[in-house]
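The structure displayed is predicted, hence computed values, not measured ones. Note that the numbering runs from 1 along the sequence shown for the chain.
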Amino acid sequence: MSEKKLTSSRKHHLKSLMLSIAQSMLEAEAAEAEQEKKKYMEENCPPLSLPDSMQELQDLCKKLHQKIDVVDEERYDMAAKVTKCNKEIDELKIKVIDLKGKFKKPALRKVRMSADAMLQALLGSKHKVSMDLRANLKQVKKEVKEEEKEAVGDWRKNIEDKAGMDGRKKMFEAEA
């Protein structure tokens, strides 16, 4: 059985039907939300009756302030929960991306920075630490080695000693 293609007029008709159904559903949801709002307000907010005396007005204001405080605390708690959940969602998204392995780490660039500037960047401007590496090193005095001055002596004398058969004999005996 071959599938027949829809004509453009049929497509437009179906599209308009879907849009009208969706619009009626949205209107029904809005009406339902409005009814829920009215019901909630009737349950939690009794009708306001203004008293005549000053003392009764003050008591009414105190009660209203207490209710405002309670609602404000609940709002703050809800906001804290929402931010916590958003952070968890972001962390989980990052984990999912890491598990997929499609995330490429950017190449790090070389930054020329002195040790003082690096410590200041890490610790903040509160801690001024000077990185003087030579301050803690031991002071070592160099020992001057005195070489034998005879070895440095006159080179002509050394040549004369090695000249002749006696000199060669001395050289071989010295090496052996």
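The side-chain heavy atoms of Leu19 and Gln23, taken from C-beta on, include no pair separated by under 4.5 Å. At a threshold of 4.5 Å between non-hydrogen side-chain atoms, the residues Met54 and Gln58 count as touching.
For Tyr76, there are no side-chain hydrogen bond (donor to acceptor under 3.5 Å, both in side chains) partners at least two apart in sequence or on another chain.
Hydrophobic cluster of Leu6: the remaining members, joined at side-chain heavy-atom separations below 4.5 Å, are Leu14, listed by chain and number. Residue Leu108 belongs to no hydrophobic cluster, having no ILVMFWY side-chain heavy atom closer than 4.5 Å to its own.
Every pair passing salt bridge (charged side-chain N to carboxylate O under 4.0 Å, His left out) that includes a residue from residues 66-80 is listed here, sequence neighbours excluded: Asp72-Arg75. Sorted by first and then second residue, the salt bridge (charged side-chain N to carboxylate O under 4.0 Å, His left out) pairs involving residues 26-54 (not counting sequence neighbours) form an empty list. The stretch residues 5-17 participates, sequence neighbours left out, in these side chain to side chain donor-acceptor pair (under 3.5 Å) pairs: Thr7-Ser9.
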Self-check item: Steps toward side chain to side chain contact (heavy atoms under 4.5 Å, CB included) verdict (Val70, Gln66)
Solution: CA-CA 6 Å; Val70 169; Gln66 289 174 353; 5.7 Å; no
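Across Ala80 and Thr83, no two heavy atoms sit closer than the pair O-OG1, 2.8 Å.
Here the NE2 atom belonging to His65 is positioned 6.0 Å from the CD1 atom belonging to Ile68, to the nearest 0.5 angstrom. Note that CD of Gln55 is 9.5 Å distant from CG of Leu57, once rounded to the nearest 0.5 Å.
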